[in-house]
Amino acid sequence: MGEARFTALVAASWKRYNAWEYSRRADDVALGAVITSYVSAGWRLIDLESDGTSHMVRFQAGQGTDRLLVRLVALCEDPVRARALGRLVEVQVAYGLRANDFSAIKQAIKDELKSNMVENASEPGVITVDGDMSTGYVYATVPLILDLDDYFDGFTVKAPIAGDLHVAAQSLHKYLTGRLAG
Amino acid sequence: MLKLLTDFAARSEARESRDEAVVGQIIAAMGRRGFPTIGFSTGLAEDSGFQAVQFATPADPVLHTLTVVLDRKTGGGAIQEKIIGSKATLRMVAEVKNFIADPDDLLAMWRTDARNILRMPMMGQVRLDHQLNTVTATKQILVELTEYDGPEDTQRVEQTLWALYGELRDALTPYKRASIVDDPM
């Protein structure tokens, strides 16, 4: 009788613990799904940084020089917050084009400095442009807030999150091409 | 001038990011097999060649998780890569977790745990490690990153991963016990 009760207590504890574990790992599941989609589509992973909560991946197009950067920060690892708000993640999508001249990169850096002084530059949907002098790239970046429950049911994919990131990247590409054209 | 500089930077970046490209291939191969990522560790700033990725194994009734660790040892610079290549150790750790509560089973597990505590991992061999309700099997091999980093290397990546996975899984199967809850991973 005592051992049966002990077993029931341990089993119930495991279930609660596992719910917590899943909540803590939902952002890692999403990051892996993004990498799997892009690498399987021919993009090359060229950068990966993670401290467990904040993740950054950078890809380069397999047949070109375009780059895609995805920064993903878990906002609701606590299961109580996740139940109240959803499994929210802040996602920054950046599309990078290799610039043909210094002036385009310089102008992009100037624009970025200006946008840093604007209060709403980090709000969802606001596109900012920045330049990377060392690699010769200009990036357009947009922040989004996504609910991972829209894309995953446990470990099962309901809808590919990379599909929505691709849509964002396409819009950024269009915007950036227009900006670089002047 | 800008093109010359950025071409040089691009070549250098491609060489430096060879280990990330291999990690990308590993994650994609695991994802296609139905093993999602559940943890990332990219090491300290001064050890940028270390990358560990943990996977859940929901399609496997024996294993709880798999961890793949890629630790780059050489090939960060052009001359070094030319002379000795881009070498890295690839370590896979397979984990069985037994969700048990019977005191007799727990005692048996503790005895095995104590017996194995001084075993050390060796290159090319499987090491078993018991830690209370967890048993892990580890194997480490040396790989040449240039043979694994391109889209044309997908098959080689998968062959290497599934060979390691099969060997570790076989070593762990005898240690899997009937659990009192479903394995969440």
Side-chain angles (χ1 to χ4, degrees), chain A residues 3 6-15 17-19 21-22 24-52 55-60 62 65 98-102 104-105 133-137 152 154-157, chain B residues 1-3 5-7 9-10 12-14 16-43 45 48 51-59 97 99-104 106 133 149-151 154 179-185:
Chain A
E3 274 185 25
F6 176 63
T7 302
L9 286 174
V10 174
S13 301
W14 269 116
K15 281 180 187 160
Y17 178 86
N18 290 336
E21 274 292 285
Y22 174 68
R24 200 169 63 79
R25 294 172 187 266
D27 54 318
D28 300 295
V29 175
L31 184 70
V34 170
I35 295 172
T36 299
S37 293
Y38 274 96
V39 171
S40 296
W43 290 66
R44 179 184 171 96
L45 182 68
I46 57 170
D47 219 345
L48 168 64
E49 286 173 20
S50 172
D51 65 4
H55 318 275
M56 189 279 289
V57 282
R58 203 154 45 109
F59 302 93
Q60 180 156 331
T65 56
R98 207 165 150 182
N100 294 321
D101 55 76
F102 275 117
I105 307 170
M133 198 64 98
S134 64
T135 56
Y137 274 81
F152 300 95
F155 294 131
T156 310
V157 175
Chain B
M1 180 64 180
L2 178 66
K3 190 171 182 324
L5 284 173
T6 54
D7 279 351
S12 171
E13 267 195 311
E16 284 165 14
S17 67
R18 226 180 272 293
D19 47 338
E20 281 87 357
V22 175
V23 170
Q25 292 285 346
I26 291 169
I27 292 170
M30 290 290 199
R32 288 191 293 268
R33 179 95 174 205
F35 294 167
T37 53
I38 53 168
F40 290 85
S41 170
T42 51
S48 58
Q51 324 208 34
V53 187
Q54 192 176 28
F55 301 88
T57 54
K97 199 178 272 290
F99 299 90
I100 56 176
D102 186 306
D104 292 332
L106 289 169
N133 67 339
D149 66 335
T154 303
S179 293
I180 56 172
V181 292
D182 290 336
D183 190 333
M185 303 290 177

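What you see is a predicted model, and the numbers here were worked out from it, not measured in a lab. Residue numbers begin at 1 in each chain, while the letters A, B, ... track the order of the sequences. What's counted below: heavy atoms across the whole structure, side chains too, no hydrogens, waters or symmetry copies.
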Novice: Assess the residue pair Phe55(B) and Ile38(B) against the criterion (side chain to side chain contact (heavy atoms under 4.5 Å, CB included)); give the C-alpha distance rounded to whole Å, side-chain angles, the decisive distance to 0.1 Å, and a yes or no.
Specialist: CA-CA 5 Å; Phe55(B) 301 88; Ile38(B) 53 168; 5.6 Å; no
Novice: Can you tell which part of Asn133(B) gets under 4.5 Å to a heavy atom of chain A, answering side chain, backbone, both or neither?
Specialist: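 For Asn133(B), the contact with chain A is made by the side chain alone.
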Novice: Identify which of Val10(A), Leu9(A), Ile46(A) forms the greatest number of heavy-atom pairs closer than 4.5 Å to chain B.
Specialist: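 The answer is Ile46(A).
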Novice: Given the rule in the side chain to side chain contact (heavy atoms under 4.5 Å, CB included) test, do Arg18(B) and Arg44(A) qualify, once you have shown the distances and angles that lead to the verdict?
Specialist: CA-CA 9 Å; Arg18(B) 226 180 272 293; Arg44(A) 179 184 171 96; 4.1 Å; yes
Novice: What part of Gln54(B) gets closer than 4.5 Å to chain A, counting heavy atoms only: side chain, backbone, both or neither?
Specialist: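 Looking at Gln54(B), just its side chain touches chain A.
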Novice: Relative to chain B, which segment of Arg24(A) carries a heavy atom at a distance below 4.5 Å: side chain, backbone, both, or neither?
Specialist: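 Neither the backbone nor the side chain of Arg24(A) comes within 4.5 Å of chain B.
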Novice: Which one wins on heavy-atom pair count under 4.5 Å against chain A: Pro36(B), Ser41(B), Gly24(B)?
Specialist: Gly24(B)
Novice: Tell me if the centroids of the rings in Phe155(A) and Phe35(B) come within less than 6.0 Å of each other.
Specialist: no
Novice: Can you tell which of Ala26(A), Gly32(A), Ala30(A) has the highest number of heavy-atom pairs within less than 4.5 Å of chain B?
Specialist: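 Maximum pair count with chain B is reached by Gly32(A).
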Novice: How about Thr36(A) and Arg32(B): does a side-chain donor come under 3.5 Å of a side-chain acceptor?
Specialist: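 The criterion, which ignores hydrogens and geometry beyond distance, is not satisfied for Arg32(B) and Thr36(A).
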Novice: Are any side-chain N or O atoms of Thr154(B) and backbone N or O atoms of Pro151(B), one a donor and one an acceptor, separated by less than 3.5 Å?
Specialist: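 Yes.
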Novice: Within the 4.5 Å heavy-atom criterion, are Pro103(B) and Glu3(A) side-chain neighbours or not?
Specialist: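 Side-chain contact under 4.5 Å: yes.
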Novice: Any idea which of Ala29(B), Ala21(B), Gly31(B) has the most non-hydrogen atom pairs under 4.5 angstrom with chain A?
Specialist: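 Highest number of heavy-atom pairs under 4.5 Å: Ala21(B).
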